[in-house]
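In what follows, residues are counted from 1 in the order of the sequence shown. All values below were derived from every heavy atom in this structure, side-chain atoms included, with hydrogens, water molecules and symmetry-related copies excluded.
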Amino acid sequence: YIASLSDMVLSIAAVGPSGLVTAYSTQQPYNTIAAPGGDPTDTSVAVPDVLSTLNDGTYGGMSGTSMASPAAAGRSREWTTNPRPGSGRG
């Protein structure tokens, strides 16, 4: 059973600055959405990470699917209020 094949589940992939799915992320054809998650191995840009608040209250770069989740959640909210025709979502 693959949960992300359900209409009630979003499968989120993280992409780096190049727009490619990162090595640490799920790389499946059934991913619902991809969002910026940073990629520390991407040397094509000066800052490959996502700017985030750190535990000490400062800001710094971080990478991971946790960085992609907020953007994906925001887009999924848009789907529920303004679905794309034929998307099967919303």
Side-chain angles (χ1 to χ4, degrees):
Y1 174 74
I2 301 172
S4 58
L5 293 177
S6 168
D7 285 340
M8 301 301 291
V9 175
L10 292 178
S11 176
I12 302 168
V15 295
S18 64
L20 300 174
V21 175
T22 61
Y24 62 78
S25 183
T26 302
Q27 299 183 27
Q28 300 296 329
Y30 49 77
N31 284 334
T32 309
I33 189 170
D39 186 355
T41 66
D42 189 339
T43 59
S44 68
V45 294
V47 182
D49 294 328
V50 175
L51 187 62
S52 183
T53 306
L54 303 178
N55 288 337
D56 62 4
T58 62
Y59 298 96
M62 297 182 74
S63 295
T65 52
S66 296
M67 300 291 100
S69 295
R75 180 61 184 118
S76 68
R77 175 66 178 130
E78 289 178 9
W79 276 337
T80 62
T81 57
N82 188 21
R84 294 173 296 164
S87 69
R89 299 281 178 189

Give the minimum heavy-atom separation between D39 and G16, together with the two atoms involved.
-> CB-CA, 3.8 Å
List the atom of A14, the atom of G37, and the distance in Å for their closest heavy-atom pair.
-> CB-CA, 4.0 Å
Does S11 use its side chain to pair, donor to acceptor, with the backbone of T32 at less than 3.5 Å?
-> no
List in chain and number order the residues that pass side-chain contact (heavy atoms from CB on, under 4.5 Å) with L20, two or more places apart in sequence or in another chain; answer none if no residue qualifies.
-> S18
Closest non-hydrogen atoms of T22 and G38, given as atom of the first, atom of the second and distance, are CG2-O, 3.5 Å
Supply the members, apart from M62, of the Ile/Leu/Val/Met/Phe/Trp/Tyr cluster built from side-chain contacts under 4.5 Å; use none for a lone residue.
-> V50, L54, M67
How far apart are the closest heavy atoms of P36 and A71, and which atoms are they?
-> CD-CB, 4.4 Å
Determine which pairs satisfy side-chain hydrogen bond (donor to acceptor under 3.5 Å, both in side chains) with at least one residue from residues 61-73, sequence neighbours left out, and list them in order.
-> D49-S63
